[in-house]
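Below: the structure, in structure tokens.
Just so we're on the same page: letters track the sequence lines, and every chain starts at 1.
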Amino acid sequence: MKWETVIGLEVHTQLATRSKIFSGSSTAFGAAPNTQASAVDIALPGVLPVLNKGAVECAIKFGLAIGATLNRVNVFDRKNYFYPDLPKGYQISQLAKPIVEGGALTILVDGEEITVNLTRAHMEEDAGKSLHEDFHGMTGIDLNRAGTPLLEIVSEPEMRSSAEAVAYARALHTLVTWIGICDGNMQEGSFRVDANVSVRPVGQAEFGTRREIKNLNSFKFLQQAIDYEVRWQIETLEDGGRIEQATVLFDPDTGETRMMRSKEDAHDYRYFPDPDLLPVKLDEEWVEAVRAALPELPAAMQARFQRDYGVSPYDAGVLTGSRALADYFETVAKTCGQGKLAANWVMGELSATLNKAELDIAQSPVPAARLGALITRIQDGTLSGKLAKQVFEGLWEGAGEVDAIIEARGLKQLSDSGELETIIDEVLAANPKSVEEFRSGKEKAFNALVGQVMKASRGKANPAQVNELLKRKLG
Amino acid sequence: MSQALTQDDVKRIARLARIEIDDAQAQATQAQLNAIFDLIATMQAVNTDGIAPMAHAQEVYQRLRDDDVTETDRHAAFQSVAPAVENGLYLVPKVIE
Amino acid sequence: MSDTSLSALAAQLAAKQISSRELAQQYLDRIAALNPSINAFITVDAHKTLAEAADADALIAAGKAGPLTGVPIAHKDIFCTHGWLTTCGSKMLHNFVAPYDAHVIQRFKAAGMPSLGKTNMDEFAMGSSNETSYFGAVRNPWNTGYVPGGSSGGAAACVAARMAPAATGTDTGGSIRQPAALCGITGLKPTYGLVSRFGMIAFASSLDQAGPMAPSAKDCALLLNVMTGFDPNDSTSLERQKEDYTRDLDKPLTGLRVGLPREFFAEGLNNEVAAAVEAAVAELKRLGATTVEISLANSGLAIPVYYVLAPAEASSNLSRFDGVRYGYRAPEYATLDDMYCKTRAQGFGAEVRRRIMIGAYVLSHGYYDAYYLQAQKIRRLIADDFSEAFEACDIILGPTAPGTAFRLGEKSDDPVEMYLNDLYTIPANLAGLPGMSLPCGFDSSGLPIGLQLVGNYFSEAKMLNVAHQFQRATDWHARAPEGLR
Ligand SMILES: [Mg+2]
Ligand SMILES: [Zn+2]
């Protein structure tokens with residue numbers, strides 16, 4: 001039987017606010033345990049929540065960025081369950097009337113554009129952390145994270161492979177960092193993915209029973225977890241088994257998923273509207289001000305890069321992988337006026353060198369304007385590709401401006417035909433055998449001669465010019 | 001809807017509420033809760049079609065707080081009344097995931 | 001102490017006839033003498049009280065006194081009070097010393113009013129007799145074999161016994177008005193949102209409202225001036241212009257339209273209470289009011305609606321009491337879950353456990369629409385009844401409770417019977433309207449009878465005006481129980 005995979009993702013993004021969603025505690029990462037847990041965060045008797053405007057604004061930005069409906073009146077509900085890292089015994093979330101409904105994200109998978117629709121995005125508070133190291137057989141609870149604002153972003157079950165799921169998650173990650181509502185730090189838990197996975201025979205209309213893989217904190221794990229889960233579900237079904245609805249965890253060490261709880265012990269969350277919080281109203285003026293302040297979004301920029309700089313759809317996608325990268329590329333392209341060449345350098349030499357050094361584009365020691373200047377010198381014939389790489393090394397080392405490096409290191413391409421002719425004459429005189437072979441029809445001998453000239457010029461000769469002059473002299 | 005609560009119902013909600021209850025207590029509670037639900041049942045016959053539920057005593061919208069950090073570290077004071085703490089952490093019996 | 005009205009005490013303090021310390025000491029002495037038989041206080045701390053009184057004396061000496069500076073007050077043990085044991089009447093918080101002040105406490109501190117202690121109450125404000133307190137029942141000063149009402153029973157009893165000139169209370173379904181009625185004092189539940197709930201341990205958030213309890217309406221007006229006001233820490237606190245609630249006290253009642261809800265004078269109302277309320281109506285007519293019969297057609301549904309909504313909110317509000325961060329933790333348990341279940345079974349009393357379970361049930365899967373949602377819809381019908389009624393009248397009048405104080409233990413085994421005590425008070429909470437109770441007579445056993453006023457939103461000044469005019473013409477409120485000294 002042929003199987004089809006169905007995947008929907010729920011992503012928890014930590015919103016990049018200074019203070020928590022319902023209290024004035026700092027959201028800074030890494031503080032000593034419980035030092036950023038206020039009376040509200042630890043749910044002392046009598047305390048009350050007051051909503052952070054910054055968190056709402058982040059949600060508005062997101063809704064606008066994905067073309068969703070913003071519920072002008074939205075409501076906070078309580079989700080009730082007992083867990084030691086949940087101090088109130090309920091999480092304040094949004095169920096019936098979330099702030100964002102609908103919207104879509106377009107992703108590129110194997111050169112094909114796919115639109116993934118979103119169901120909703122709602123504001124909620126994060127829980128604290130349980131530390132399972134040994135405290136005499138006890139668990140330690142740190143509530144610093146409790147009350148950190150989250151936007152839970154739920155997709156429709158429209159992805160059909162782990163590749164699509166990863167592409168969607170990456171696009172979402174790009175978008176939330178792009179519009180500045182999330183720092184995107186997956187190690188610190190700022191962007192956590194839950195994947196709902198099911199399989200069904202190809203052609204079957206109804207969905208299979210899904211299992212939810214919780215808390216995937218890297219794209220690699222997302223891919224591995226889905227791939228394992230899909231294989232496991234298909235095998236189970238083909239062996240005549242049944243899939244039970246369940247929540248599972250992915251173990252990166254074994255590469256397997258394992259059951260956390262079955263549907264039978266699923267919670268009865270007893271959601272109801274939080275009586276401490278009133279309905280949230282989004283004023284039209286506010287929404288419009290947020291809209292006006294939104295940066296150009298990745299999709300729009302991709303289209304513009306293709307149009308203005310002639311880059312391919314794939315390259316445009318790569319170049320808009322982050323706002324920093326896109327801005328970098330655009331500065332390079334504008335400086336040199338050579339979009340395609342700029343794209344090649346940014347995605348090629350620069351990215352490779354950054355990767356090797358484990359640096360981020362924002363940390364690049366080569367400023368975009370200098371890379372642009374370098375490309376300008378290629379374009380005007382001052383530098384060959386090979387020389388340009390040497391200049392790039394100089395830029396990377398911080399040796400100064402492009403022209404200064406060329407000058408100081410004597411890397412200028414030999415374009416003076418007089419000087420070049422002298423070198424060619426010397427090479428021809430020193431390699432009569434090659435000249436002979438060429439004249440007797442061996443094309444390869446020509447390349448050998450070009451190589452000799454380049455070598456004699458210590459790489460500075462302009463290869464096009466060498467070709468031309470050699471042909472003339474031998475012709 | 002207003003069929004009487006069973007013993008199992010009582011145990012289920014006690015479980016939801018994390019309140020330990022033994023059989024004898026469950027039995028006594030069952031009788032009391034059923035008397036209360038009889039009282040509540042009068043409400044269920046009312047036709048409320050088209051009536052908007054009233055969640056709050058006032059028709060106003062949520063006030064929003066500026067995104068400022070206003071709290072300082074008070075964990076020592078807060079933890080002075082905690083049943084069990086160590087190294088700034090609240091201690092609970094081992095949580096098994 | 002002769003005239004213990006707040007204005008009289010304030011005048012004596014201002015005239016330096018007595019210091020705040022001396023005044024506080026007089027009340028502390030009376031508490032020491034009477035509290036053992038009344039049990040109105042859970043915590044008394046003379047050192048703290050006298051230190052606060054000394055601060056008040058310094059303010060008075062420096063000429064920085066406000067209208068009530070130096071006048072002591074007792075606080076219901078539902079208000080978190082920095083450095084004071086704050087129990088909410090529960091074993092769950094038997095050891096909880098609050099690390100912060102409730103907004104209400106902050107306001108009284110800022111007004112320079114020393115705290116006489118924390119008053120007893122039904123556990124987590126769930127009760128109408130003060131018998132559910134972990135710290136023992138409170139006794140009615142008019143007859144110690146009887147209950148004082150609840151949940152602000154300690155507050156009502158300490159004021160009635162003149163152990164405090166005034167007290168704070170809270171009212172979710174009648175918890176200020178019903179004990180005020182049963183103890184023969186005056187109490188007011190303001191419009192929802194006028195007094196901040198910050199630091200007031202939540203029972204049912206959409207209904208809870210704090211208010212003043214004192215012998216007279218004038219005292220209540222002065223206290224309301226202190227208590228009300230916007231608080232950014234409570235999202236349901238209303239941003240309104242500050243009012244002076246004493247401003248209309250002396251206005252004549254000529255032309256006042258008093259609405260008498262048919263449903264509040266029907267079956268179930270004790271005859272002596274009915275007679276006293278009717279006499280009060282006659283008195284108001286003499287003072288220039290006219291009456292009009294009105295109908296609150298859905299008020300009969302108030303109890304069922306309340307016993308869905310309040311427990312639902314409470315079941316969630318009380319989830320934080322889990323033995324992890326403060327309060328009681330069971331001494332022995334096996335697992336985390338066992339710790340939760342034992343802590344909550346042992347830490348909460350029977351009535352609280354019962355209401356938590358009702359709440360968990362009505363919110364649980366499959367029952368939400370039939371119970372919770374239906375109750376919210378009827379809540380609107382009840383509120384709409386009031387809006388309609390206020391087109392025909394300026395104020396609604398009726399009995400506060402269907403009867404007078406009952407014997408200790410008389411209703412404690414029958415929750416439903418107990419719940420019916422709040423028949424007339426609950427509708428105002430559901431609608432968010434202000435309500436008050438004032439003394440209007442005594443039954444044949446010498447127990448006080450309460451008259452209830454319900455006003456339109458923000459009509460506290462008018463209600464206090466009506467009550468004050470009534471109290472100028474009568475002396476029910478001025479009577480104190482004999483034989484307590
Ligand atoms: Mg989820
Ligand atoms: Zn969530």
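- Here the CG-CD1 distance, from B:N47 to C:I378, works out to 10.0 Å after rounding to the nearest 0.5 Å.
- Of the residues considered (B:V81, B:V92, B:T42), B:V81 shows the highest number of contacts with chain C, using heavy-atom pairs under 4.5 Å.
- In plain terms, the two heavy atoms of C:R379 and B:A55 that are nearest each other are NH1-O, 3.7 Å.
- Neither the backbone nor the side chain of B:R65 comes within less than 4.5 Å of any heavy atom in chain C.
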task: Before giving the answer on ring pair (Phe, Tyr, Trp, His ring centres under 6.0 Å), spell out for C:Y307 and B:F37 the whole-Å C-alpha distance, their side-chain angles and the decisive distance to 0.1 Å.
output: CA-CA 9 Å; C:Y307 279 97; B:F37 278 101; over 10 Å; no
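- Both the backbone and the side chain of C:T236 come within less than 4.5 Å of a heavy atom in chain B.
- Expressed to the nearest 0.5 Å, how far CD1 of B:I19 lies from CG of C:L318 amounts to 9.0 Å.
- When all heavy atoms of B:A57 and C:G432 are compared, the closest pair comes out as CB-CA, 3.7 Å.
- Ranked by heavy-atom pairs under 4.5 Å with chain C, the first of B:I21, B:L16, B:L33 is B:L33.
- Residue C:Y306 does not touch chain B at all, counting heavy-atom pairs closer than 4.5 Å.
- Using a 4.5 Å cut-off between heavy atoms, C:L430 touches chain B through its backbone atoms (N, CA, C, O) alone.
- Between B:R12 and C:Y361 the shortest side-chain heavy-atom distance falls below 4.5 Å.
- Of the two parts of C:S319, neither the backbone nor the side chain holds a non-hydrogen atom closer than 4.5 Å to a non-hydrogen atom of chain B.
- Of the inter-residue distances, the one linking B:I51 atom CD1 with C:D384 atom CG reads 7.0 Å to the nearest 0.5 angstrom.
- If you take NZ on C:K377 and OG1 on B:T48, they are separated by 4.5 Å, rounding to the nearest 0.5 Å.
- Between B:Q44 and C:P304, every side-chain heavy-atom pair lies at or beyond the 4.5 Å cut-off.
- Heavy atoms closer than 4.5 Å to chain B are found in the backbone of C:D234, but not in its side chain.
- Heavy atoms closer than 4.5 Å to chain B are found in the side chain of C:A383, but not in its backbone.
- Nearest heavy-atom pair across C:S237 and B:R63 is O-NH2, 3.4 Å.
- A distance-only check finds no donor-acceptor pair linking the side chain of C:R353 to the backbone of B:T29 [under 3.5 Å].
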Derivation of the side-chain contact (heavy atoms from CB on, under 4.5 Å) call for B:M54 and C:S206: CA-CA 10 Å; B:M54 178 173 168; C:S206 80; over 6 Å; no
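- Atom CE of C:M357 is separated from atom CD of B:Q32 by 10.0 Å, given to the nearest 0.5 angstrom.
- Atoms CD1 and CZ, from C:I356 and B:R18 in turn, are 13.0 Å apart once rounded to the nearest 0.5 Å.
- Between chain B and the options C:G300, C:S315, C:P232, heavy-atom pairs under 4.5 Å are most frequent for C:P232.
- In this structure, chain C has a heavy atom under 4.5 Å from the backbone of B:L91, while its side chain stays farther away.
- Using a 4.5 Å cut-off between heavy atoms, C:A375 contacts chain B through both its backbone and its side chain.
- When heavy atoms are compared at a cutoff of 4.5 Å, B:V85 does not approach chain C at all.
- By a heavy-atom distance cut of under 4.5 Å, C:V324, C:R325, C:Y326, C:G327, C:R329, C:Y333, C:T335, C:L336, C:D337, C:D338, C:M339, C:Y340, C:C341, C:K342, C:R344, C:A345 are the residues of residues 324-345 of chain C near chain B, going up by number.
- Listed here is the closest heavy atom pair of B:A52 and C:R380: O-NE, 2.5 Å.
- Residue C:Q346: no heavy atom, backbone or side chain, is found under 4.5 Å from chain B.
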- request: Begin with the C-alpha distance, continue with both residues' side-chain angles, and end with the deciding distance and a verdict on side-chain contact (heavy atoms from CB on, under 4.5 Å) for B:V46 and C:L381.
  value: CA-CA 10 Å; B:V46 179; C:L381 294 177; 4.2 Å; yes
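- For C:P99, the parts sitting under 4.5 Å from any heavy atom of chain B are the backbone and the side chain alike.
- In this structure, no portion of B:Q79 lies under 4.5 Å from any heavy atom of chain C.
- Atom CD of C:E239 has more than 12 neighbouring heavy atoms from other residues, nucleotides or ligands inside a 6.0 Å radius.
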